[in-house]
Each structure stands twice: as C-alpha cells, then as structure tokens.
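Everything numeric here is computed off the predicted structure, so don't read it as measured data. Atoms considered below: every heavy atom in the structure, side chains included; atoms not considered: hydrogens, waters and symmetry mates.
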Amino acid sequence: MPAEWYKEQISNRNYLSPIGFKLQLEKFRGVDFFCQRVNLPDISMPFTEVPTRFRQFPIVAGGGVTYGDLSVTFIVDEELINWRSIYDWIRTNGTSEEHMPTEEPQYCGGQLLIYTSSYNVNHVINFENLFPISISEMNFDASTNDIEYFTAQVTFKYTGYTIRDETFTIQT
C-alpha cells in the first residue's frame, strides 16, 4: 500500500495578505473610496440543544443564516465626494426630512476582490442588495500637531454574499 499522505498536503503555502483587497460598489463606479479597511462579515445559523442525562447535544435547527454587517473604513477625499455619496444615500433611503418616502429604497451590488501574494485576483465576494445604515462622524481639530487625514467608517446591511474563486465559480 503506497503512502498517499502527500496528496492531503496544502499545495499553496503562501499566506493570505491583509493588504491584498479592493472594494467595488456598483452604485459608485466613478468614486474611489480609498479603502483602508474592510471586514469579511461573519455568518451564523441557529441551532438548538437537546437535553440528555449527560449533557446538551447541539443539533441543526434550520431557519436560514444570519449575516454580520459589512464595515468599510476609507480615507475621505478633499472634496468630500466619497463621504457625501454615502451621506446622500442614507438620507435618500431614510427619507430624513419627509414623512413619506418619495422614492424606492436604493440598493446596489458590491464586490470585495481578494488578491494573492502576487496581486492577482484569487477570490471575489459578491454582496447582494447593499445599503448603508451609518457613516461615522468627522471631528475637525486645529490643535493637532501631526496631520492625519480623515477616515470614515460606513456600515452596510445586505441580503447575502457568495464567494467565488479565481475561475469565478461559486464555492460551496
């Protein structure tokens, strides 16, 4: 019986780089978000525990999955174009000044591109029906010694996401 342990070994020994990513939002193709940080949100499912004499046994309860929020941190441009884009989107969806909505809610798709250590696209995470729920404040302060450019954080909700590999097939 020949040894086949080598077939189970990982063939790519490169680590995932924390700086190899790019975020694209379909609604803002012309706006560069100078993305500094983005999270790949968590996913969870409900479960139930069945009591026995010895311990609780977890079992799959069904009922779908729950996705965490998509949080993006970006550098704010001098013209406030990227910050205002999100601000206006939230105001439009939230009908901030009116009591009755004047338009349908605005959603968009988005892609998080994950690059290899050679900066080639390795995975694409497709987010469906994104919409922002909050954008962080900007604190102006003339007493700072070093200039630190403004960053803002935007939080998105969405209906789901799928992960595709470099051949663009959905991974299960």
Verify, without hydrogens or angle tests, whether [X] (side chain) and [Y] (backbone) share a donor-acceptor contact under 3.5 angstrom.
| X | Y | value |
| --- | --- | --- |
| S118 | N120 | no |
| D69 | S71 | no |
| T159 | E128 | yes |
| N126 | G109 | no |
| N93 | Q106 | yes |
| N122 | S117 | no |

For residues 43-55, which side-chain donor-acceptor pairs fall under 3.5 Å, sequence neighbours excluded?
unit_1 : atom_1 : unit_2 : atom_2 : d
T52    : OG1    : F54    : N      : 3.3
T52    : OG1    : R55    : N      : 3.1
T52    : OG1    : R55    : O      : 2.6

Q) Does CD in E148 sit with more than 12 non-hydrogen atoms of other residues, nucleotides or ligands closer than 6.0 Å? A)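 No.
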Q.
So for atom OH, which belongs to Y67, do other residues, nucleotides or ligands contribute more than 12 heavy atoms lying within a distance under 6.0 Å?
A.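 Atom OH in Y67 is packed in, count exceeds 12.
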Q: Check the pair F21 / L113 against side-chain contact (heavy atoms from CB on, under 4.5 Å), numbers first and verdict last.
A: CA-CA 5 Å; F21 67 92; L113 307 175; over 6 Å; no
Provide the closest heavy-atom pair for [X] versus [Y] in the form atom of the first, atom of the second, distance.
| X | Y | value |
| --- | --- | --- |
| P41 | G68 | CB-O, 3.5 Å |
| V154 | P132 | CG2-CB, 4.0 Å |
| D141 | S143 | OD1-OG, 2.6 Å |
| C35 | V72 | SG-CG1, 3.8 Å |
| S136 | A152 | OG-CA, 3.2 Å |

Going from [atom1] on [X] to [atom2] on [Y], what distance comes out if it is rounded to the nearest 0.5 angstrom?
| X | Y | atom1 | atom2 | value |
| --- | --- | --- | --- | --- |
| I163 | D165 | CD1 | CG | 10.5 Å |
| Y87 | T92 | OH | OG1 | 10.0 Å |
| F34 | N82 | CZ | CG | 6.5 Å |
| Q111 | L130 | CD | CG | 9.0 Å |
| L70 | N39 | CG | CG | 5.5 Å |
| L112 | L40 | CG | CG | 6.5 Å |

Do [X] and [Y] come within less than 4.5 Å of each other through their side chains, counting heavy atoms only?
| X | Y | value |
| --- | --- | --- |
| E79 | R84 | no |
| T151 | R37 | no |
| N129 | F131 | no |
| L25 | F156 | yes |
| F28 | I86 | yes |

For the hydrophobic clusters of this structure (ILVMFWY residues joined by side-chain heavy atoms under 4.5 Å, transitively), does one cluster hold both [X] and [Y]?
| X | Y | value |
| --- | --- | --- |
| I59 | V65 | no |
| I75 | L80 | no |
| I147 | F74 | no |
| V38 | Y149 | no |

Q) Listed by chain and number, what are the side chain to side chain donor-acceptor pair (under 3.5 Å) partners of Y119, not counting sequence neighbours? A)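 Applying side chain to side chain donor-acceptor pair (under 3.5 Å) to Y119 gives none.
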Q: Verify whether the ring centers belonging to W83 and F150 lie closer than 6.0 Å.
A: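 Centroid distance W83-F150: not below 6.0 Å, so no.
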Q) With sequence neighbours left out, what residues match F127 under ring pair (Phe, Tyr, Trp, His ring centres under 6.0 Å)? A)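 Ring pair (Phe, Tyr, Trp, His ring centres under 6.0 Å) list for F127, sorted by chain: Y158, Y161.
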